[in-house]
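Shown next, in structure tokens, is the structure this report addresses.
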Amino acid sequence: MKTASLLCLAYVAQSLPGFPALADDPSASGYPSRSIRVVVPFAAAGVTDIVTRILFDRVGQAIGQAIVVDNRPGAGGNIGVDQVAKSPPDGYTLVVADPSSSLPANVTLFPKLTFHPVKDLAPIAMFGTTGAVVIVTNSLPAKSIQELVALAKSKPGELTYGSTGNGTPGHLNGALFSKLAGIKTVHVPYRVGGQGTTDLIAGRISFWIAPIPTRLQQVNNGELRALAVAGRDRSADLPGVPSIKESGIGDFDASTTYAVFAPRGAPPEVTDRLYMEIQRALNDEGVRQRFRAAGVEPKLGTPADVTRLIEAQIPLWASVIASTGITID
């Protein structure tokens, strides 16, 4: 009788406004009970690696478990993502990937891809973005994005743009920009980004669409000229540089987006707990400052936001790749 009374009281209490229902509490399941592995499908010391470590260091402190960042580069990020997509969906193996560029583009770039970003991954949260900028060599007469487009139209096929390889975000963004602007340009791939920067400064290539942190120093010291932020808004790092959208070229956004995924089928209480902890981490001023120092703007997005982004970008990149004939060597 006493047990029944206690159960009744518990039921009534949980029905009261403001009382947390245990079934809705992501931590009620006991997750996590051991360490978590977060795969970064790119090399160590890059921006994705740096912000992943910043974020999950804070999340690990909050949940009281070690979170190990595991770099698994290769095949445009596919090796690391594929490994996670095929892992048990228990919340102990996660991956950080870009739902705006490489993840949706690889669906078309790699016809034999063994996973699908929508069908095989469960988005947990978007946590940041890095803006991109259109930069030119100082020897190029163009002083604005409009002048660059006009110059390219007057010399079809003569202007060149660099990237770190075929099918990389720099290649894709250069092709998309050229398509939107109605210009004919030539792609020059580099195996080493530093060599590409050297050639751009020397005037051996015309322009590059690159993440702002990777070329900010050369822009600030006058070695390269920034014509436009490749996005919808201006950048705090380049306040005097207009966005491509306000320049009237079109709705072109080459920003990098950072999101966390679990294998499809991860329990909602697990993904909800992780989302909640990521949200808390992004509200930490220390985390926000470290993100910005790495060139990343903290930005929280829901799983639905991430899914919508991937679903919109898959056909966009498929169209660009088909019309330009981009292939992976």
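We're numbering straight along the sequence, starting at 1.
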Quiz item: Short question: side chain of Asp272, backbone of Glu269 - any donor-acceptor pair under 3.5 Å?
Solution: no

Quiz item: Closest approach of Ser87 and Thr93, non-hydrogen atoms and distance?
Solution: OG-CG2, 3.7 Å

Quiz prompt | Interatomic distance, Phe115 atom CZ to Arg264 atom CZ [nearest 0.5 angstrom] | solution = 13.5 Å

Exercise. Answer whether the closest heavy-atom distance between the side chains of Val68 and Ile36 falls below 4.5 Å.
Key: no

Quiz prompt | Same cluster (ILVMFWY, side-chain, under 4.5 Å), Ile135 and Leu238 | solution = yes

Quiz item: Is it true that a side-chain atom of Arg37 and a backbone atom of Asp70 form a donor plus acceptor pair closer than 3.5 Å?
Solution: no

Quiz item: Sub-3.5 Å donor-acceptor pair from the side chain of Arg225 to the main-chain atoms of Asn138, do we have one?
Solution: yes

Exercise. Might you work through the side-chain contact (heavy atoms from CB on, under 4.5 Å) test for Tyr161 and Trp208, ending with a clear yes or no?
Key: CA-CA 5 Å; Tyr161 70 93; Trp208 197 300; 5.9 Å; no

Quiz item: Judged by atom type as modelled, is there a donor-acceptor pair below 3.5 Å linking the side chain of Thr160 to the main-chain atoms of Ser206?
Solution: yes

Self-check item: Donor + acceptor pair across side chains of Thr257, Lys299 (<3.5 Å)
Solution: no

Quiz item: Quick check: does any side chain N or O of Thr168 sit under 3.5 Å from a backbone N or O of Gly165, one acting as donor and the other as acceptor?
Solution: yes

Quiz item: Just by modelled atom types, is the Glu223 backbone N or O under 3.5 Å from a matching donor or acceptor in the Gln218 side chain?
Solution: no

Exercise. State, to 0.1 Å, how close Ala43 and Asp49 come at their nearest heavy-atom pair, and which atoms those are.
Key: O-CB, 3.9 Å

Practice problem: Kindly give the heavy-atom pair with the smallest separation between Thr130 and Gly295, and that separation in Å. | Solution: OG1-O, 3.2 Å

Quiz item: Under 3.5 Å, side chain of Asp82 to main-chain N/O of Asn78, donor-acceptor pair present?
Solution: no

Quiz item: What distance separates Thr307 OG1 from Met126 CE, expressed to the nearest 0.5 Å?
Solution: 10.0 Å

Quiz item: Donor-acceptor pair, Asp120 side chain versus Lys86 backbone, under 3.5 Å?
Solution: no

Quiz item: Looking at side-chain heavy atoms only, is the closest gap between Thr52 and Val69 below 4.5 Å?
Solution: yes

Practice problem: With Arg34 as the cation and Tyr92 as the aromatic partner, state whether NZ or CZ is under 6.0 Å from the six-membered ring centre and within 45° of the axis. | Solution: yes

Quiz item: So which heavy atom on Leu109 is nearest to which on Gly167, and how close?
Solution: CD1-O, 3.4 Å

Quiz item: In terms of ring plane angle, is the pair Phe177 and Phe252 parallel, tilted or perpendicular, where the classes change at 30° and 60°?
Solution: tilted

Quiz item: Is any side-chain N of the basic residue among Glu277 and Arg273 closer than 4.0 Å to the acidic one's carboxylate O?
Solution: yes

Quiz item: Is Tyr31 reaching over with its side chain to a backbone N or O of Gly91, donor-acceptor style, under 3.5 angstrom?
Solution: yes

Quiz item: Quick check: does any side chain N or O of Ser163 sit under 3.5 Å from a backbone N or O of Gly170, one acting as donor and the other as acceptor?
Solution: no

Quiz item: Side chains of Gln279 and Asn283: donor-acceptor distance under 3.5 Å anywhere?
Solution: no

Self-check item: Spatial distance of atom CD1 (Ile326) from atom CG (Leu172) [nearest 0.5 Å]
Solution: 5.0 Å

Quiz item: Roughly how far apart are Leu300 CG and Ile278 CD1, rounded to 0.5 Å?
Solution: 8.0 Å

Exercise. Could you tell me whether the side chains of Arg215 and Thr197 share a donor-acceptor contact shorter than 3.5 Å?
Key: yes

Quiz prompt | Stepwise side-chain contact (heavy atoms from CB on, under 4.5 Å) check, Leu274 with Val260 | solution = CA-CA 9 Å; Leu274 289 167; Val260 187; over 6 Å; no

Self-check item: Arg234 and Glu246 ion-paired at < 4.0 Å
Solution: yes

Quiz item: Between Val136 and Ala142, what is the shortest heavy-atom contact and its length?
Solution: CG2-O, 4.3 Å

Self-check item: Pairwise distance NZ(Lys143) to CG(Leu148) - rounded to 0.5 angstrom
Solution: 12.0 Å

Quiz item: What do the steps show when you test Leu282 against Leu55 for side-chain contact (heavy atoms from CB on, under 4.5 Å), and what is the final call?
Solution: CA-CA 8 Å; Leu282 291 181; Leu55 176 68; 4.2 Å; yes

Quiz item: Do we see a donor-acceptor contact under 3.5 Å between the side chains of Asp233 and Ser243?
Solution: no

Quiz item: Which pair of heavy atoms, one from Phe42 and one from Pro73, lies closest together, and at what distance?
Solution: C-CB, 3.7 Å

Quiz item: What distance do Leu216 atom CG and Asn220 atom CG have between them, rounded to the nearest 0.5 Å?
Solution: 4.5 Å

Quiz prompt | Note: Arg280-Asp284 ion pair, threshold 4.0 Å (strictly below) | solution = no

Exercise. Using distance alone, with no hydrogens and no angle criterion, decide if Gln195 and Asp199 have a side-chain donor and acceptor under 3.5 Å apart.
Key: yes

Self-check item: CA sep, side-chain torsions, deciding dist, call: Asp90, Val270, side-chain contact (heavy atoms from CB on, under 4.5 Å)
Solution: CA-CA 8 Å; Asp90 53 13; Val270 168; over 6 Å; no

